[in-house]
Amino acid sequence: MASVPSLAATVHQRVADALSAALPEAGPADPLLRRSDRADFQANGVLGLAKKLKGNPRELATKVVEGLPADDLLAEVEVSGPGFLNITVADAAITARLAERAADDRLGVPLAERRGTTVIDYAQPNVAKEMHVGHLRNSVIGDAIVKILEFAGEKVIRRHHIGDWGTQFGMLIQYLIEHPHELDHKAGEEVSGEEAMSNLNRLYKASRALFDSDEEFKSRARRRVVDLQAGDPETLALWQKFVDESKIYFYSVFDKLDVEIHDADIVGESGYNDMLAETCRLLEESGVAVRSEGALCVFFDDVKGPDGNPVPLIVQKSDGGFGYAATDLSAIRDRVTNLKADTLLYVVDVRQSLHFKMVFETARRAGWLTDGVEAVQLGFGTVLGKDGKPFKTREGETVRLVDLLDEAIDRAAAIVREKARDLTEDEIAERAAQVGIGAVKYADLSTSMARDYVFDLDRMVSLNGDTSVYLQYAYARIQSILRKAGDAAPTAHPELPLAPAERALGLHLDEFAATLAAVAETYEPHKLASYLYQLASHYTAFYDQCPVLKAETPAMLENRLFLCDLTARTLRQGMTLLGIRTPERL
Ligand code: ARG
């Protein structure tokens with residue numbers, strides 16, 4: 001593994017050195033280098049520095065230029081305007097740097113300098129309930145962040161905090177006791193995800209109807225909650241049946257979504273039951289929480305309701321029941337103390353922001369979150385329908401995630417079928433899944449997380465524009481070129497001059513590592529998506545302007561194949577980190 005610095009970093013260092021040499025009294029100075037339209041880079045730092053030291057900016061700029069070592073890196077440096085530096089990198093330096101990237105499995109991307117242990121809470125559906133578009137977001141965003149962090153060398157522990165506990169289980173379990181065999185499967189029989197969910201739906205509706213109409217059933221159901229909480233083995237065994245049936249369903253949806261989930265990482269709310277009483281005791285003993293009207297509460301100066309009264313975080317209700325907060329606080333203790341996390345991430349709807357703010361603050365006061373531990377909610381926005389309101393069916397019900405995914409796959413199948421005539425039906429189905437699911441994931445990941453976005457399949461599967469299909473086609477097109485190249489192998493030729501479209505593509509390819517570092521640092525997959533979209537756009541311009549297979553000379557052919565190949569590898573690596581497939585043919 002070789003870490004390859006970007007040209008931008010190298011140029012930055014050069015100019016910084018020349019700047020401090022020209023002006024030693026200023027100490028280390030930032031040349032403020034950025035990409036520019038006029039040249040490859042522009043350095044603006046001289047201007048501010050000269051002004052600060054009451055010198056002449058153009059004079060200082062000229063001195064900096066004179067101080068730059070004459071070697072193969074820079075082709076031209078010109079002083080412009082009041083004291084900017086316009087910097088053009090040599091073509092040979094670009095090709096040589098890209099060749100270093102190409103020689104490395106990781107495309108020259110280094111591991112992060114600081115690597116620790118992150119516990120990430122994502123993909124957390126609820127037992128005996130349908131998955132909806134909200135679960136699309138927490139699964140897809142979480143999966144991308146896991147991959148991005150792991151690629152940066154972070155130790156990542158996944159936690160799927162599924163909703164598998166609560167009073168509603170009393171009703172379900174009691175119903176199952178009175179209607180046994182409802183969740184039994186015949187020996188050897190495989191139940192599909194759809195069947196599992198429809199079994200759960202049927203039980204839910206039937207038990208709900210009974211609960212609402214039959215007072216005696218209602219009180220039996222309530223007593224069942226007490227048995228469940230007391231850990232009565234028969235009750236727990238039935239509860240487990242609901243969890244297991246739900247997992248069949250979850251796994252079928254995750255499978256369709258192409259998100260890999262491992263059983264050991266599913267630690268639902270129930271997983272913290274044994275800690276709840278102690279969590280409350282510790283909070284009460286330390287005075288972090290106080291009893292208020294029988295409930296155990298934590299108060300905050302800056303959290304008030306519309307009436308101006310403080311709104312507490314309720315850790316234990318007055319009837320003794322533990323809520324969502326007690327579970328999350330216990331999970332923090334587990335993740336910090338047992339899992340040794342130094343970063344806790346929560347991919348959860350922004351509408352839960354107040355909950356997490358209060359939970360984190362409570363955990364800090366209790367000393368469970370120490371200075372060395374960072375806790376961040378990666379709050380995501382709402383998925384909207386075309387009417388701009390939260391996505392609902394015409395009947396006003398929440399949209400089932402599976403239905404959306406199936407529709408996306410159907411749309412993609414139509415496109416794949418139309419474009420590729422020589423594919424078998426199986427191949428069409430496989431590509432359609434990769435294109436359709438990729439489209440849905442990309443649309444989600446390419447918007448900045450906290451923003452709402454409109455679920456618009458027409459736009460998502462469009463071949464043109466900022467879509468995964470566009471990226472997938474760019475990748476497949478390159479593979480087709482590489483296949484057609486026959487014996488000619490992608491080979492870097494630094495001695496060749498580059499056309500403008502080649503330079504632009506090359507400089508962008510060189511930014512891959514820096515982009516990934518920033519994305520891993522700020523947890524913003526949309527920046528990776530936008531990098532990849534720009535990459536595909538640069539490639540399209542290159543493809544239009546620079547003939548590859550019909551290049552003028554064999555060396556040019558090889559060098560262009562080299563650019564094609566590195567583009568494909570970069571696209572593939574980037575899309576893999578987003579959880580999006582790159583079919584070899586489309
Ligand atoms: N199950 C919840 C939902 O479906 C999300 C859980 C979020 N994670 C947590 N630690 N509270 O909205």
Side-chain angles (χ1 to χ4, degrees), residues 118-127 129-146 158-168 250 266-272 276 279 289 295 297-300 302-306 310-317 321-336 341 343-366 368-369 373-384 389-392 398 401 444 447-453 523-525:
T118 293
V119 174
I120 177 167
D121 185 311
Y122 73 107
Q124 325 97 325
N126 300 313
V127 164
K129 291 206 182 122
E130 287 280 0
M131 289 174 74
H132 54 74
V133 280
H135 299 114
L136 169 75
R137 299 216 72 188
N138 62 38
S139 306
V140 168
I141 296 169
D143 187 48
I145 289 176
V146 167
R158 307 147 199 232
R159 280 292 173 264
H160 308 295
H161 197 88
I162 62 170
D164 63 356
W165 204 249
T167 48
Q168 76 276 19
F250 297 156
I266 301 185
V267 182
E269 296 176 12
S270 67
Y272 305 95
L276 302 176
T279 296
C297 300
V298 183
F299 289 92
F300 308 86
D302 55 347
V303 185
K304 295 206 171 73
V311 177
L313 180 73
I314 299 177
V315 191
Q316 190 180 22
K317 288 176 275 184
F322 303 106
Y324 195 50
T327 308
D328 267 324
L329 287 164
S330 303
I332 290 181
R333 291 175 54 211
D334 178 52
R335 292 170 191 186
V336 175
T343 306
L344 302 179
L345 298 180
Y346 294 80
V347 186
V348 183
D349 196 312
V350 275
R351 287 171 287 191
Q352 294 193 32
S353 293
L354 182 60
H355 166 76
F356 283 104
K357 178 183 142 93
M358 297 198 289
V359 164
F360 295 161
E361 172 66 27
T362 301
R364 294 239 176 256
R365 290 185 195 169
W368 300 326
L369 276 180
V373 185
E374 197 189 15
V376 188
Q377 182 201 359
L378 302 173
F380 54 80
T382 306
V383 180
L384 307 173
K389 303 210 184 87
F391 204 16
K392 293 271 155 63
T398 45
L401 179 53
D444 195 293
T447 341
S448 82
M449 206 178 296
R451 278 179 48 192
D452 299 346
Y453 73 88
Y523 313 115
E524 288 176 303

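The shown structure was predicted, so the numbers you read here are calculated from the model rather than taken from an experiment. For this chain, numbers begin at 1 and follow the sequence in order.
Residues T382 and R351 are in side-chain contact: their nearest non-hydrogen atoms beyond the backbone lie under 4.5 Å apart. Using a 4.5 Å cut-off on side-chain heavy atoms (C-beta onward), Q316 and C297 make no contact. V336 has its side chain out of reach of W368: every pair of non-hydrogen atoms, C-beta onward, lies at least 4.5 Å apart. Within the 4.5 Å cutoff, the side chain of P390 has heavy atoms near those of the L384 side chain. With a 4.5 Å cut-off on side-chain heavy atoms, F322 and T279 do not count as touching. Side chains of L345 and T118 form a contact here, defined as non-hydrogen atoms less than 4.5 Å apart. Within the 4.5 Å cutoff, the side chain of I141 has heavy atoms near those of the F380 side chain. The side-chain heavy atoms of D328 and I332, taken from C-beta on, include no pair separated by under 4.5 Å.
Between D452 and K389 there is no salt bridge, since none of the side-chain N atoms of the basic residue sits less than 4.0 Å from a carboxylate O of the acidic one. With salt bridges taken as basic N to acidic carboxylate O contacts below 4.0 Å, one links R365 and E361.
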Determine, stepwise, if the pair Q168 / N126 fulfils side-chain contact (heavy atoms from CB on, under 4.5 Å).
-> CA-CA 12 Å; Q168 76 276 19; N126 300 313; over 6 Å; no
Under the side-chain contact (heavy atoms from CB on, under 4.5 Å) rule, what do F299 and L313 come out as? Steps first, then yes or no, please.
-> CA-CA 7 Å; F299 289 92; L313 180 73; over 6 Å; no
Assess whether salt bridge (charged side-chain N to carboxylate O under 4.0 Å, His left out) is satisfied between R137 and D349, documenting all intermediate values.
-> CA-CA 8 Å; R137 299 216 72 188; D349 196 312; over 6 Å; no
Working for side-chain hydrogen bond (donor to acceptor under 3.5 Å, both in side chains), residues E524 and S448 | CA-CA 7 Å; E524 288 176 303; S448 82; over 6 Å; no
Go through the steps for V267 and Y272 under the test side-chain contact (heavy atoms from CB on, under 4.5 Å), then give the verdict.
-> CA-CA 8 Å; V267 182; Y272 305 95; 3.6 Å; yes
Decide yes or no on side-chain contact (heavy atoms from CB on, under 4.5 Å) for D444 and L136, but give the supporting numbers first.
-> CA-CA 9 Å; D444 195 293; L136 169 75; 3.9 Å; yes
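Considering every non-hydrogen atom in both V347 and G142, the closest pair reads CG2-CA, 4.0 Å. Closest non-hydrogen pair, R335 versus L344, comes out as CB-CD2, 3.6 Å. E374 approaches R364 most closely through the heavy-atom pair CA-NH2, 4.2 Å. What you find for A295 and I314 is that their closest heavy atoms are CB-CG2, 4.3 Å. Of all heavy-atom pairs spanning M358 and V311, the tightest one is SD-O, 4.0 Å. The shortest non-hydrogen separation linking A289 to V298 is CB-CG2, 3.8 Å.
Here the NE2 atom belonging to H161 is positioned 15.0 Å from the OH atom belonging to Y122, to the nearest 0.5 angstrom. Rounding to the nearest 0.5 Å gives a distance of 12.5 Å between CZ of R333 and CG of L369. Interatomic distance, OH of Y324 versus CD of E269, reported as 6.5 Å (0.5 Å rounding). Interatomic distance, CG of N138 versus CG of L378, reported as 11.5 Å (0.5 Å rounding). Between the CD1 atom of I120 and the CG atom of D143 there is a distance of 9.0 Å, given to the nearest 0.5 Å. Here CE of M131 is found 4.5 Å from OG of S139. Values are rounded to the nearest 0.5 Å.
A donor-acceptor pair under 3.5 Å links the side-chain atoms of D164 to the main chain of S270, judged by distance alone. Here the side chain of Q377 pairs no donor or acceptor atom with the backbone of K357 at under 3.5 angstrom. Counting only distance, with no hydrogens or angles, the side chain of H135 and the backbone of H132 share a donor-acceptor pair below 3.5 Å.
In this model, no donor atom of one side chain and acceptor atom of the other lie less than 3.5 Å apart for D121 and H160. Looking only at atom types and distance, the side chain of T398 has no donor-acceptor partner in the side chain of E130 under 3.5 Å away.
Centroid-to-centroid, the aromatic rings of F360 and Y346 come within less than 6.0 Å.
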